[in-house]
Amino acid sequence: MKNYLKYCTLGVGILFASCMDTLDTHPAANFGSDEIFNNKTNAEAFMNGVYASLMDDVLIPKHNSSISGIAWESRTPNSVKCDQVGDGIDGVATELGITPNSDYGPNRFGLLRKCNLAIENVLASAGIAETDKTNLVAQARLVRGMVFFDQARKMGRFVPMTKVLTIEKPDEANVSMTKNLAESYKYVIDDLKFAADNLPATSQPGYPNKWAAKVILTRAALQAYAYTQDAQYLDLVIATADDVKTNCGVALNNSEGKFNEYDEYNEEILWAYYRHKENTKISAFSELVSTIPNIPNDNVLNSKCPVALQNKNGQTFESWATHFPTQDLVDQFLVIDDETGKALPWDQTSQYKNNVDELDPNSVTTAGQIDCYNQVKGEARRMPTPQDLIQAKDGYPLFKKYAKLKASATRTLSDIMYKNRDKRFYYTVVYDGATWYNESIETNLGGNLSQGVRDKEDGGWYNTVTGYYWRKHSVEQAEPRASAGANVKPHFVLARLGELYMNLAEAYLLKGGINLPKAVDALNETRTVHGGLPASTAATEEDIWKDYIRERNCEMTNENGDIYFSYLRWGKYGGHANQGRSASDVIAALDRPVYKIEINRSRDQVLIGQLTLLGSANRNFTIKRYLLPIQKDFLDVRETYGLDFEQNPGW
């Protein structure tokens, strides 16, 4: 049986006080450091608790957290949060929900204290061998570096706590915040480099190794470059990525199960967070419970859906979906052209052009104009709905595509749109015609998982508002069904080889000149192996940026908030990375509405329009959001004790 880390069952039995004033300085109950750190086994048990805190507090927080990966994804064009019966929409995407007192993690001193305890006590231990000391210290510095990185990429500055504080030396608690981003990222990179250099080359699943640390190092170095413009960070990305490619002994593969239970130990996964099935329910994580719908069979019958849900073990879908992929994301996944074999946007392929007529989207002005019917109980279901015709954000088309099958067509629009896509599409998104939990899924008007299948015509009663559901980083098996209380065995990828190629491509792009072909080579690694697409032949810097941004969206969507923080970098660069805008200007992709899809009952007409429900179209990005606020309460306490308390610009 494999020996791997299952964070949810671990603990070290040590209670920490929340803080002494603004910083954690002592445990609530005395414990003997000599006992904990007198041998490798006890020290490893302590580090298991540190990893558990990292997951719970920073990387994979529990359900309904505003800092979960799915929450960050819904602040990008790839996804949306929209809930008509509870939580509403995301306030970060609109900027209406961010205040100076929003908490993005300035106080992580409890976790930092654990890291520093491990570092100081392991180094001082007489019972741990020197080689084991190096490994344990590297683990603690990896966690500390990741905490610092999380703070730096969100807020820019933080309190760099690198020592264990004690009651006996209260003056040591007077630690200044980092002066600027350059100093912040120096702390981040120093810790991550130490970890990357000193962790072992191999590890059991659930534990980080040096290759995982190096991927995270390239991630941090890219963000550091974007915010400091220090070219040494690009050199670090390239050198580190080359080392991993050459020496890690792992190659990309075309497995489709890396993000579900079918291939959870795929060798491309360098580090993941694994959960015990016995101790984990769907309700525990937003990535699960907030992506799986709630569809009572009575609603399906009332909707007159021609394909009923089988519900073999009771109601198949009984969770609380509030986050959904958008048409914007789906548009990123290219389709292989039937005639030429080229990879093209779905509406530029020969199969689309030969079978579909484009109609004027501005001609759609009336609710139910394209399709309408009444459910069994008499409620109208229309395409478009009345809601679709209002609340548009100025400057963006209300409907950007309206199309209809030609009379001679022999395929449905859903078949034309979704067949022969980039392979990643099929394990990322649930779409009209997909199979999910052994159910045949229909999201067209009246379909069993459609936006209008429940009492809300526009969706948002724990069912889709966009025409799609998330599949990536969800689960495919639940006992006995996909209900909030079902036991599942998920894992969440924290570092993998695919990201390394993305980071390398971006570094080469930023280097420019003779490095541009190397950028294309790097992005083609994932595009061809994971996507199953022909290689990109982009030659100009502008075209390479287009292909790279598309590729990163397809490769890294819904992973650790990667795409949100990538858009922050791209906005910092400006130019081709941000639709021709100046460096550090408003990020175009985060300052516009997202789009949904509606397909009629006979699947011969499609309408793509803004998601306007609950004001969802009112997405905004102002430049102050390049750095989020440092929580005002945190700064107020620092001010009380005579410590620095400067807020980020604009907040």
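Quick caveat, the model's predicted, so the values are computed rather than measured.
- In this structure, Glu506 CD and Trp545 CH2 are separated by 5.0 Å, a value rounded to the nearest 0.5 Å.
- Contact annotation: the side chain of Leu504 approaches that of Lys245 to within less than 4.5 Å [non-hydrogen atoms, C-beta and beyond].
- Residues Phe148 and Thr162 have side chains in contact (heavy-atom distance under 4.5 Å, counting atoms from C-beta outward).
- A donor-acceptor pair is defined here as one N or O able to donate and one able to accept, closer than 3.5 Å; no such pair exists between the side chain of Ser474 and the backbone of Trp470.
- With hydrogens and angles ignored, the 3.5 Å screen pairs no side-chain donor or acceptor of Asn648 with any backbone N or O of Pro629.
- Under a cut-off of 6.0 angstrom, the local environment of NZ in Lys511 is crowded, with over 12 non-hydrogen atoms contributed by other residues, nucleotides or ligands.
- No side-chain heavy atom of Thr280 sits under 4.5 Å from any side-chain heavy atom of Lys489.
- Between Tyr51 and Trp271, the angle of the ring planes goes over 60°, which puts this pair in the perpendicular group of the 30/60° scheme.
- At distances below 3.5 Å, at least one donor-acceptor pair connects side-chain atoms of Asn553 with backbone N or O atoms of Ile549.
- In this structure, Glu559 pairs ionically with Lys472, as a charged nitrogen and a carboxylate oxygen lie closer than 4.0 Å.
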Problem - Val215/Leu270 under side-chain contact (heavy atoms from CB on, under 4.5 Å): CA gap, chis, key distance, verdict - result: CA-CA 9 Å; Val215 171; Leu270 302 175; 3.7 Å; yes
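- Here the CG-CD distance, from Asn560 to Glu287, works out to 8.5 Å after rounding to the nearest 0.5 Å.
- Applying the 6.0 Å contact sphere to NZ of Lys133 captures more than 12 heavy atoms from other residues, nucleotides or ligands.
- The pair Arg424-Glu256 does not count as a salt bridge, with every side-chain nitrogen at least 4.0 angstrom from each carboxylate oxygen.
- Partner of Arg141 under the salt bridge (charged side-chain N to carboxylate O under 4.0 Å, His left out) criterion, chosen from Asp197, Asp191, Asp190: Asp191.
- In this structure, the ring of Tyr265 has its center less than 6.0 angstrom from the ring center of Tyr274.
- One finds a salt bridge joining Lys62 and Asp56 here, because a Lys/Arg side-chain nitrogen approaches an Asp/Glu carboxylate oxygen to under 4.0 Å.
- To the nearest 0.5 Å, the span separating CG on Leu500 from CH2 on Trp211 amounts to 10.5 Å.
- Using cut-offs of 30° and 60° on the angle between ring planes, the pair Trp72 and Tyr104 is tilted.
- Distance check: Thr526 OG1 to Tyr501 OH gives 9.5 Å after rounding to the nearest 0.5 Å.
- Not a single donor-acceptor pair under 3.5 Å links the side chain of Asn503 to the backbone N or O of Ala221.
- Side-chain contact between Tyr427 and Glu476 is absent, with no heavy atoms from C-beta onward closer than 4.5 Å.
- Counting all heavy atoms, side chain and backbone alike, Leu142 lies closest to Ala195 at CB-CB, 3.6 Å.
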inquiry  = Show, in sequence, the C-alpha distance, side-chain angles and deciding distance for Lys258 and Asp263, and conclude whether the salt bridge (charged side-chain N to carboxylate O under 4.0 Å, His left out) test is met.
reply    = CA-CA 5 Å; Lys258 290 187 287 290; Asp263 197 7; over 6 Å; no
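- Using a 4.0 Å cut-off between charged side-chain N and carboxylate O, Asp562 and Arg552 make a salt bridge.
- Once rounded to the nearest 0.5 Å, the distance linking CG of Asn247 with NZ of Lys214 reads 8.5 Å.
- A 6.0 Å sphere centred on CZ of Phe645 holds no more than 12 heavy atoms belonging to other residues, nucleotides or ligands.
- By the 4.5 Å heavy-atom criterion applied to side chains, Phe194 and Val137 are counted as neighbours.
- Side-chain N or O atoms of Asp644 include one that pairs as donor or acceptor with a backbone N or O of Met177 at under 3.5 Å.
- In this structure, the side chains of Lys114 and Met47 stay at 4.5 Å or more apart for every pair of heavy atoms.
- Relative to the six-membered ring of Tyr626, Lys572 meets both conditions, a distance below 6.0 Å and an angle of at most 45° to the axis.
- Proximity of a side-chain donor or acceptor of Ser203 to a complementary backbone N or O of Tyr207 within less than 3.5 Å is detected.
- Within the 4.5 Å cutoff, no side-chain heavy atoms of Ser102 are placed close to those of Leu628.
- With hydrogens and angles disregarded, no donor-acceptor distance shorter than 3.5 Å links the side chain of Asn515 to the backbone of Leu510.
- Note on Arg496 versus Glu499: no salt bridge recorded, every NZ/NE/NH1/NH2 to OD/OE distance being 4.0 Å or above.
- At least one side-chain heavy atom of Arg219 sits under 4.5 Å from a side-chain heavy atom of Ile216.
- Shortest non-hydrogen contact noted between Leu222 and Val237 is N-CG2, 4.0 Å.
- Aromatic ring centres of Phe285 and His63: separated by at least 6.0 Å.
- Within 6.0 Å of NZ in Lys169 there are 12 or fewer heavy atoms belonging to other residues, nucleotides or ligands.
- Rounded to the nearest 0.5 angstrom, Tyr564 OH and Thr76 OG1 are separated by 10.0 Å.
- With salt bridges taken as basic N to acidic carboxylate O contacts below 4.0 Å, none links Lys179 and Glu646.
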